[in-house]
Amino acid sequence: MPTTSETPTLSPIGRNTPRVDGPVKVSGMAQYTADFHFPGQLYAVPVDATIANGRLVKLDTSAAEKMPGVQAIFHRENIGKIFRSIPGTGFEGICDERRPPFEDDVIRYYGQYIALAVADTFEAAKAAADAVRATYSKETPNVELDLKADDDPDVVATSFGTRNRLDSQRGDPDTAFASARVKLDQTYVTPAETHNPLELHSTTAIWEGSSTLTLYESSQGVVNLQSVLAQMFGLPKENVRVISKFVGSGFGSKLWPWTQCPLAAAAARQIGKPVKLVVSRKMMFQSVGHRARTQQRVRLGATPDGKLVSLQHDYVYQRSMLDSHHEDCGEATPFQYSVPNLRVTFGRAKQNVGATTDMRGPGRVPGLYATESAMNELADQLKIDPVRLRIINEPKIDESLGIPFSSRHLVECFELGADKFGWSNRTPAVGSMKRDGLIVGWGMAGCSWVAARFNAEASVELRDDGTARVACATQDIGTGTYTILAQLTSQKTGVPLNKIEAVLGDTSLPAGPLSGGSMATESVIPAVFAAADNAITSLLSVATTTPRSPFEKRKASELAFEDGRVFVKADGPDGAVPFADLLRRANLRLVTGTGKSESTFGNPMPKFSTHSFGCHFVEVTWQPEIARLSVSRVVTVMDAGRIINPLAGRNQIEGAVVMGIGMALLEHTTYDPQNGAPINSNLADYVVAVNADVPPIEVNFLDFPDKAINELGARGIGEIGLAGTAAAITAAVHHATGVRVRELPVKIENLLA
């Protein structure tokens with residue numbers, strides 16, 4: 001039977017561990033990107049287009065250039081050369097808006113940057129940006145809600161390489177659907193959503209001469225950003241340094257570079273002084289990506305006893321006029337449930353919007369909303385419990401690849417979740433459950449997320465004062481990566497957490513992975529462990545070669561290292577010597593080890609299908625007299641391998657569930673059909689879930705380590721908590737109200753119709 005990850009242990013792995021970076025954050029000592037200041041620093045404010053489709057005909061900068069404190073107004077004619085970048089191998093050179101800023105005068109979305117004001121103060125730069133006058137030749141923008149797929153070829157280019165629009169197929173889904181005794185054919189719609197991390201996107205660019213660039217950047221991928229900017233400015237990669245010590249979250253919006261970054265760098269190059277550019281909240285809705293709007297048709301064919309015989313998932317997603325980010329809604333469809341006949345296809349609809357990009361749980365979150373909603377509707381149609389329907393269709397292998405899962409315990413998730421939630425007390429009739437004068441609705445859904453590793457490198461130092469240092473050029477976006485690296489180092493070296501320095505967010509460190517795809521933790525584990533092992537190997541060599549060392553005449557193979565001490569294996573740990581003593585005897589400040597982890601992402605011939613799985617059980621309350629709908633309770637169960645830090649892990653799932661409440665009931669970005677502007681481009685009108693919207697959330701982890709991923713068996717958990725949540729909520733809404741909502745977010749007017 002599964003156990004929770006809170007079993008008491010002396011190991012730092014699997015223990016509830018407060019974040020090692022917590023004190024500097026709560027004390028205000030943590031420096032986020034916009035907190036850095038440098039001598040002579042200037043401030044930049046972009047001028048953005050006020051149309052979404054047309055051409056810039058004239059730009060009048062004369063008044064702005066004469067304003068006090070203004071250093072320059074940059075535009076296409078004077079910004080200097082900014083090259084395009086191309087993708088490299090793996091996740092290098094990726095960006096979702098490939099066109100450099102000011103490359104041409106064509107306007108493709110509202111908010112596209114057309115000029116840049118640089119001044120001594122932010123206020124002067126903002127005033128100058130407001131004083132720039134633009135004349136346009138404009139056309140009606142396409143921001144239609146009804147997505148019509150473009151006439152694309154069968155194989156299309158995307159940000160991550162080519163994709164076949166026939167995403168997956170097996171059997172004969174058309175014939176099987178036509179002959180199915182029970183059929184469901186529905187379309188589900190998710191809106192454009194905008195990331196709204198607390199920290200605004202920001203860049204500070206500093207040049208040393210004309211060939212060395214340092215960027216302080218709010219980034220979820222400093223190594224990738226280094227690669228892109230090196231290309232854009234024609235520099236050797238080693239001449240670009242990116243620093244991102246703390247990130248005030250990103251939700252995917254900070255994974256890839258956006259155009260404010262090369263703008264700040266180009267302005268600093270031209271003027272010869274540091275330039276800081278902070279994107280405004282309004283601009284965050286325009287020029288740093290958003291989750292694409294999707295329309296997804298799901299057709300299910302089944303037998304009367306609930307066995308799926310056909311599944312077709314055909315989806316269309318919104319994209320910008322130039323760019324090709326792929327919203328992979330069908331990612332989980334081929335393997336989530338057992339079905340002999342399946343087809344998944346996609347289409348793309350160009351619109352006059354800024355580039356779409358990854359948002360927490362990209363592709364799979366909107367995709368699972370559609371397929372899990374369809375499964376819930378099919379269960380109601382068959383009069384079968386939705387948990388039982390999913391268990392009936394549990395696959396034995398990944399039927400899309402014909403290979404076994406490395407670890408799949410979704411049925412255990414369903415069973416434990418149903419037990420914790422009290423699902424057996426559910427009465428299926430609409431509106432049949434009441435409590436304290438309110439109508440109660442219950443719903444559930446399954447979820448999954450990919451598990452894989454990126455390339456990663458790390459270094460570990462053991463020092464003569466008994467401390468250790470672990471370094472990796474990944475970044476902590478608020479998910480607890482600093483703490484994870486410290487825990488891993490402590491596990492291997494025995495050094496207490498409070499004596500370990502974790503260093504991240506700087507491309508001068510060993511190359512690290514993106515903080516995306518919920519893959520950072522599983523990627524760094526092998527790299528940190530290998531680095532620690534190599535540091536220990538160096539230490540044992542020192543122990544056997546240092547004159548007057550207690551182990552001078554021993555062979556390294558005769559020694560053991562445990563809990564920060566060295567001893568002779570045959571004698572046991574009674575005479576163990578702390579590593580710090582050995583280093584001081586050798587007059588060494590430190591020994592260092594480095595380690596690497598190879599990527600498993602995109603392996604064309606995998607032995608196992610690697611994913612995390614889980615489920616959500618949700619309760620809503622409905623008060624029809626005042627049209628009040630609330631989420632009142634959530635129970636979540638996750639099969640995510642071994643949980644390194646349950647305290648931070650629960651926090652990750654809780655935060656994802658909160659985003660799921662926002663996705664289901666609140667969040668949507670609306671575009672003005674006249675000018676293409678995001679209408680609700682502020683935190684007053686773009687409504688997100690706040691404390692009053694969040695009920696008690698119970699998070700349960702199974703404990704089934706997945707050794708196919710890494711030696712600890714840990715998988716990532718940042719995004720899976722959002723997958724499936726909206727489908728569980730809309731199922732609960734139907735149970736309470738009888739209204740089937742298939743377009744998010746649920747609106748009160750839907751329930752009053």
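Checking S407 against D706 by side-chain atom types alone, no donor-acceptor pair falls below 3.5 Å. Using modelled atom types, one finds a donor on one side chain and an acceptor on the other under 3.5 Å when comparing T294 with T190. A donor-acceptor contact closer than 3.5 angstrom links the side chains of Q487 and T17.
For R408 and D639, the salt-bridge test fails: no basic side-chain N is under 4.0 Å from an acidic carboxylate O. No salt bridge links R364 with E719; every basic N to acidic carboxylate O contact stays at or beyond 4.0 Å. Ion pair E743/R293 flagged as a salt bridge, since at least one NZ, NE, NH1 or NH2 atom sits closer than 4.0 Å to an Asp/Glu carboxylate oxygen.
Applying the side-chain hydrogen bond (donor to acceptor under 3.5 Å, both in side chains) criterion to Q652, with sequence neighbours excluded, gives no partner residue. For the side-chain hydrogen bond (donor to acceptor under 3.5 Å, both in side chains) test, residues two or more places apart in sequence or in another chain that qualify with S612 are R715.
Rounded to the nearest 0.5 angstrom, D506 CG and S244 OG are separated by 10.0 Å.
Under the 30°/60° scheme for interplanar angles, the aromatic rings of F160 and F91 are found to be tilted. Between Y686 and F285, the ring planes lie perpendicular to each other; the angle is over 60°, past the 30° to 60° tilted range.
Looking only at distances, a side-chain donor or acceptor of S632 sits under 3.5 Å from a matching main-chain atom of E619.
Within 6.0 Å of NZ in K420 there are 12 or fewer heavy atoms belonging to other residues, nucleotides or ligands. Around atom NZ of K25, more than 12 heavy atoms belonging to other residues, nucleotides or ligands sit under 6.0 Å away.
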Between F613 and F704, is a ring-ring contact (aromatic ring centres under 6.0 Å, His included) present by the stated rule, with each step listed?
-> CA-CA 11 Å; F613 297 93; F704 293 103; over 10 Å; no
